[in-house]
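Predicted model, so just to flag it, every value in this text is computed and none were measured. Computation of the quantities below employed the complete heavy-atom set of this structure, encompassing side-chain atoms and omitting hydrogens, waters and symmetry-equivalent molecules.
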Amino acid sequence: MFFMPLGLYISVPFCRTKCSYCNFASGVFSASQMAHYVERISTDVRAIRGFAIEHGAEIPEAVDTIYLGGGTPSLLPPDELKKLFFALKQEFKVLPKTEITAECAPGTMTDEMIQAMVTRGVNRVSLGVQSFVDKESASVGRLHTGEKILSDIARLRKAGIANINVDLIAGLPHQSRESWQYSLDQAIASGVPHVSIYMLEVDEDSRLGRELIAGGTKYHAHHVPDDDLTAEFYQTACARLNAAGIDQYEISNFARAGFESKHNNKYWTRQPYLGFGVDAHSMLPSTTRDEGIDCLRFSSVDVYDRFLAAPEIEISSVSTAQALEESFFLGLRLNRGIDLAAIRLLFGERVDSFKPVIEELVSTGLVARIGDNLQLTARGRLLSNEVFERFIGDRHAEAII
């Protein structure tokens, strides 16, 4: 791990409006608040190596992925984007051909912003489409239309950014088999090389989730498909995208050959990454591995005002035993699964303690084992949280990226 290049994640929690399904730490902010935020991140970037040394973590020198997530990073004024990248490139050695991704909402990218992204080296854009059906988009507070999505894809390509991802959500209000098929058809016809499919999350951290739990009708909650239909949508997406050559490589992610997300792969394969901003997370190698500490995880507060007021970083150490658990449940997210022989080289006989769990999951059809390769079955992907819980004991998968 010590010699792997680093991935950088920058949280940009700014939105035009707050979507009803959103459970992220994001909101609507003024231009002056954005400027203060960028200055604070720049300060943190300059101080990060001293902070890491103080807490026994090691930061690799080289960077080969940068990811601006949100929120909606495309709302940043171009000058602020310039300042952000200046700070990053002053502190880190950004390698040639680094994958630089920016999450953008359709309808938020001015020509000036697209040019600013290209100038700063952004070579991959992830579009928060969610649906190509205008009624579905409007029902959750999205401000774009299907026509605008296709127009923005064309504008990005014209500017030289062809590596484009489209996010779709299965289970939105008013979604039907026919409308879901339409969104999939539009995504495929657009020619984008990467598609992410997420099933609507129902929890108390979003307005729509709270309304669904309460059984109410606000936010079109009474028009949300049931769990079985949403699961069917996911299975339809898997079949349709794979048939179109956009192959599934992770539970929620599909790509044409060579267009898999390099940054997100760091999370699933436990490579080091460093996050800056509101609700940002990091995982760095420990300098005390001989004492049974594999790595350190850091997370910042998820409230803008508290983040600006003072540094509040939660730090937790990951033991060798916990690192093994993570290797199982993170690696199983990938379609290729995990290589038990390779994990045994890293963790030795500790791997054998999971034999009963593996045998049980294979017998119930949630996991397939071919030699030393272990991977989720199609049914296992639908029930992935249940599988992951079998590997992590009292720890919860949601605590990890």
Side-chain angles (χ1 to χ4, degrees), residues 1-13 23-25 40-41 44-45 47-70 88 91-92 205 250-251 261-303 306-307 310-334 338 343 346-347 350 384-385 388-389 391-401:
M1 179 182 292
F2 287 88
F3 302 103
M4 293 179 182
L6 184 67
L8 297 179
Y9 177 85
I10 312 299
S11 168
V12 184
N23 57 7
F24 297 145
R40 167 61 198 277
I41 287 182
D44 289 349
V45 167
I48 190 60
R49 292 195 183 277
F51 178 87
I53 292 172
E54 178 184 352
H55 294 282
E58 181 168 335
I59 299 179
E61 179 183 359
V63 167
D64 66 353
T65 69
I66 300 174
Y67 196 106
L68 274 67
L88 295 177
E91 186 62 37
F92 299 99
D205 292 330
E250 191 268 346
I251 288 176
S261 171
K262 295 177 182 178
H263 182 83
N264 288 337
N265 189 59
K266 290 184 180 294
Y267 302 144
W268 306 318
T269 57
R270 301 192 74 254
Q271 297 179 44
Y273 55 91
L274 185 56
F276 296 96
V278 169
D279 200 28
H281 296 255
S282 306
M283 187 189 81
L284 296 173
S286 169
T287 56
T288 56
R289 290 171 64 89
D290 56 342
E291 299 175 17
I293 303 300
D294 179 84
C295 65
L296 296 174
R297 290 190 178 274
F298 305 87
S299 60
S300 61
V301 297
D302 60 2
V303 179
R306 285 176 57 191
F307 174 79
E312 290 185 53
I313 304 295
E314 183 176 329
I315 305 171
S316 60
S317 58
V318 178
S319 68
T320 302
Q322 291 169 334
L324 173 57
E325 294 174 0
E326 292 181 8
S327 296
F328 273 108
F329 77 74
L330 290 172
L332 280 172
R333 294 189 62 91
L334 294 164
I338 55 178
I343 288 182
L346 291 173
F347 297 100
R350 291 177 182 269
S384 57
N385 284 341
F388 300 155
E389 287 173 1
F391 287 102
I392 59 178
D394 295 332
R395 301 172 72 231
H396 202 287
E398 291 180 0
I400 311 297
I401 290 283

*For the residue pair F298 and F51, is the inter-centroid distance of their aromatic rings smaller than 6.0 Å?*
yes

_To the closest 0.5 Å, what do you measure between CG (L324) and CG (D294)?_
10.0 Å

*asked:* Quick check for you: to the nearest 0.5 Å, what is the distance between I338 atom CD1 and F329 atom CZ?
replied: 11.5 Å

_Please enumerate all residues that pass salt bridge (charged side-chain N to carboxylate O under 4.0 Å, His left out) together with K262, with sequence neighbours excluded._
none

*asked:* Can a donor-acceptor pair be found, under 3.5 Å and without considering hydrogens, that links the side chain of S286 to the backbone of L296?
replied: no

*How many angstroms lie between atom CG of L88 and atom CZ of F276, to the nearest 0.5 angstrom?*
7.0 Å

_Between CD1 on residue I343 and CZ on residue F328, distance to nearest 0.5 Å_ = 5.0 Å

*Is any side-chain heavy atom of R297 closer than 4.5 Å to a side-chain heavy atom of E326?*
yes

*Might you work through the side chain to side chain contact (heavy atoms under 4.5 Å, CB included) test for R270 and L330, ending with a clear yes or no?*
CA-CA 8 Å; R270 301 192 74 254; L330 290 172; 4.0 Å; yes

*So do L6 and K266 actually touch side chain to side chain, heavy atoms under 4.5 Å?*
no

_Is any side-chain heavy atom of T65 closer than 4.5 Å to one of N265?_
no

_Check: Y267 ring centroid to Y273 ring centroid under 6.0 Å_ = yes

*State which residues pass salt bridge (charged side-chain N to carboxylate O under 4.0 Å, His left out) with R350; sequence neighbours excluded, sorted by chain then number.*
none

*asked:* Can you tell me how far apart CD1 (I59) and CD (E91) are? Round to the nearest 0.5 Å.
replied: 7.5 Å

*Should V63 and L274 count as side-chain neighbours, where that means a heavy-atom distance under 4.5 Å?*
no

*asked:* Among P60, C295, S282, which residue satisfies the side chain to side chain contact (heavy atoms under 4.5 Å, CB included) criterion with P272?
replied: P60

*Carefully, step by step, assess D64 and M4 under the rule side chain to side chain contact (heavy atoms under 4.5 Å, CB included).*
CA-CA 9 Å; D64 66 353; M4 293 179 182; over 6 Å; no

*asked:* So L332 and F391, do their side chains get closer than 4.5 Å, heavy atoms only?
replied: yes

*asked:* Can you list everything that forms a side-chain hydrogen bond (donor to acceptor under 3.5 Å, both in side chains) with D44? Sequence neighbours excluded, please.
replied: R40

_T287 side chain vs E58 backbone, donor-acceptor pair below 3.5 Å_ = no

_Quick check for you: to the nearest 0.5 Å, what is the distance between Y9 atom OH and L68 atom CG?_
8.5 Å

*asked:* I'd like to know if the side chain of S300 reaches the main chain of G277, judged simply by a donor and an acceptor atom lying under 3.5 Å from each other, with no hydrogens or angles considered.
replied: yes

_Please check this pair: side chain of S299 against backbone of H281, looking for a donor-acceptor N/O pair closer than 3.5 Å._
no

*What residues, two or more places apart in sequence or in another chain, satisfy salt bridge (charged side-chain N to carboxylate O under 4.0 Å, His left out) together with E61?*
none

*Partners meeting side-chain contact (heavy atoms from CB on, under 4.5 Å) with I53 (sequence neighbours left out)*: none

*What is the minimum heavy-atom distance between P13 and S11, and which atoms define it?*
CD-O, 3.6 Å

*S316: what forms a side-chain hydrogen bond (donor to acceptor under 3.5 Å, both in side chains) with it, not counting sequence neighbours?*
none

